[in-house]
A.B. asks: 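Just dropping this structure here.
Computed from a prediction, not measured in an experiment: that's the story for all the values here. Quick note on labels: first sequence line is chain A, next is B, and so on, each numbered from 1.
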2 protein chains.
Amino acid sequence: MSLRFALLGLLNEHPSSGYDLTRRFSEGIGAYAWDAKHSQIYPELRKLTEDGLIEIAEEGARGRKTYAITGQGQEELRGWLLRPPTVAGGVRNEYVLRLFLLSALDQDEARQILTRTIEYSTRQREAIDAEYQEHLAGGGAARQGALAAQYGIRMYQATIEWAQWAIEQITAESSAGSGS
Amino acid sequence: MSLRFALLGLLNEHPSSGYDLTRRFSEGIGAYAWDAKHSQIYPELRKLTEDGLIEIAEEGARGRKTYAITGQGQEELRGWLLRPPTVAGGVRNEYVLRLFLLSALDQDEARQILTRTIEYSTRQREAIDAEYQEHLAGGGAARQGALAAQYGIRMYQATIEWAQWAIEQITAESSAGSGS
DNA sequence: CAGAACATGTAAACGGTTACATGATTCC
DNA sequence: GGAATCATGTAACCGTTTACATGTTCTG
């Protein structure tokens with residue numbers, strides 16, 4: 001159900017084709033909010049068109065169809081955003097799940113995974129940071145993406161700091177020895 | 001596929017029944033890593049038993065079956081944790097999605113949602129914080145959960161700070177007026 | 001003219017949610 | 001004895017992924 005609103009939200013920023021939307025999902029939004037493949041996007045765009053929430057704004061080369069949100073679509077989107085949130089419904093994040101299950105590993109292995117996490121998160125944070133600087137450079141409408149980019153930066157930063165703290169914890173526990 | 005490993009991971013901490021596992025999902029882990037309902041958990045426990053990765057350790061009152069991880073199950077779990085991660089595969093978080101689509105709202109409405117987010121995240125952070133203090137009080141094995149709790153605390157804290165920053169941004173933009 | 005990227009679609013299989021269904025034990 | 005909680009299970013439906021399938025335009 002959320003896919004509908006993810007699509008409406010993206011189309012609300014600016015008109016796009018299914019192909020464009022597929023790429024936008026595989027970039028920013030797909031990494032920490034909602035992911036979707038083209039095989040799901042195209043049928044959903046058709047349904048949204050049937051329901052009058054979006055429309056084909058332009059047909060271009062190679063069968064390209066550019067969709068735009070309609071007034072009715074904007075109302076639906078706003079309604080969904082303003083409605084009290086379905087509390088934390090069905091989160092799914094394999095990356096975080098791994099971090100939760102670290103106690104299944106011994107200390108050296110856990111430290112290894114945490115170090116890898118720090119490296120990966122640092123790279124991700126830097127990539128989004130660069131993106132964020134571009135958002136700032138381009139004024140006006142581009143600023144929309146800046147909120148999301150900042151969110152990503154802060155989440156990765158928090159992950160890095162947590163992983164550093166976790167390594168210290170694990171190390172402290174082991175050097176404190178059989179104290180309990 | 002991740003559900004298997006989520007179950008193995010939880011059973012690796014200590015033996016539990018399907019009922020216990022259902023509750024553990026609806027608490028901590030379900031809120032930011034992986035969620036699951038009992039209707040999915042029971043069939044998966046049966047499959048894991050058939051595959052020899054877990055076993056029924058005890059049968060109690062009311063048909064209660066306590067499952068425990070086997071040696072083979074521990075190997076599978078370790079293998080999955082150590083294997084290079086499937087990069088950010090299929091994240092799904094409706095709560096975060098909403099935050100991404102704020103540009104569809106006008107400034108007052110967006111501020112309202114952000115304020116609500118701060119309130120909600122503050123309450124969540126406090127709840128986990130209390131949980132975390134308990135983890136620290138109970139020594140030894142209970143410490144496992146402390147890493148996860150800290151992760152949650154830091155994520156909510158980062159969300160709060162981001163939302164405060166976002167409110168300032170929105171407010172600054174509007175008072176800067178039609179500068180562009 | 002070949003290969004990469006653009007562009008859209010469908011079908012089968014799988015994973016997950018909602019609803020249905022049942023019964024045992026505990027607490028008041 | 002009635003209500004709440006414990007405890008497990010199944011079935012239909014819906015959402016998602018993987019794989020199949022096709023054709024166009026641009027670049028070198």
A.B. asks: In plain terms, say whether B/Arg4 and B/Glu44 are close enough for a salt bridge, that is, a side-chain N and a carboxylate O under 4.0 Å apart.
C.D. replies: yes
A.B. asks: Can you name the salt bridge (Lys or Arg N to Asp or Glu O under 4.0 Å) partners of A/Arg24, sequence neighbours left out?
C.D. replies: A/Glu13
A.B. asks: I'd like to compare against my own output: the B/S/- annotation of nucleotides 4-14 of chain C with a strict under-4.0 Å heavy-atom distance to protein.
C.D. replies: --BBBBBB---
A.B. asks: Output all residues satisfying side chain to side chain donor-acceptor pair (under 3.5 Å) with A/Arg116, sequence neighbours left out; order by chain, then residue number.
C.D. replies: none
A.B. asks: Take atom CD1 of B/Ile41 and atom C1' of D/dT8, then tell me their distance rounded to the nearest Å.
C.D. replies: 12 Å
A.B. asks: What is the distance, rounded to the nearest whole Å, between atom CG of A/Asp35 and atom C1' of D/dT16?
C.D. replies: 10 Å
A.B. asks: Taking atom P of D/dT17 as reference, at what distance in whole Å does atom CD of A/Glu94 sit?
C.D. replies: 12 Å
A.B. asks: Rounded to whole Å, please give me the gap between CG in B/Leu7 and C1' in C/dG15.
C.D. replies: 13 Å
A.B. asks: May I have the distance from A/Met1 (atom CE) to D/dG15 (atom P), rounded to whole angstrom?
C.D. replies: 6 Å
A.B. asks: For A/Lys37, give me all partners under salt bridge (Lys or Arg N to Asp or Glu O under 4.0 Å), at least two apart in sequence or on another chain.
C.D. replies: none
A.B. asks: Is the closest side-chain heavy-atom distance between B/Asn93 and A/Asn93 below 4.5 Å?
C.D. replies: no
A.B. asks: Quick one, B/Ser16 and B/His14 - any side-chain contact, counting heavy atoms below 4.5 Å?
C.D. replies: yes
A.B. asks: Check the distance between C/dT17's C1' and B/Glu44's CD and give it to me in whole angstrom.
C.D. replies: 15 Å
A.B. asks: Sequence neighbours left out, what passes side chain to side chain donor-acceptor pair (under 3.5 Å) with B/Glu27? Give chain and number order.
C.D. replies: none
A.B. asks: Less than 4.0 angstrom from a charged side-chain N to a carboxylate O is my criterion; do A/Asp108 and A/Arg111 meet it?
C.D. replies: yes
A.B. asks: Send over the distance from A/Leu48 CG to D/dG15 C1', rounded to a whole Å.
C.D. replies: 14 Å
A.B. asks: Evaluate the ring planes of B/Trp80 and B/Phe5, with Trp represented by its six-membered ring, and classify them as parallel (under 30°), tilted (30 to 60°) or perpendicular (over 60°).
C.D. replies: parallel
A.B. asks: In degrees, rounded to 10°, what is the bend between the two ends of the helix from C/dC1-D/dG28 to C/dC28-D/dG1, using five pairs at each?
C.D. replies: 30°
A.B. asks: Give the rounded distance in Å between these two atoms: CG of B/Leu21 and C1' of D/dC6.
C.D. replies: 14 Å
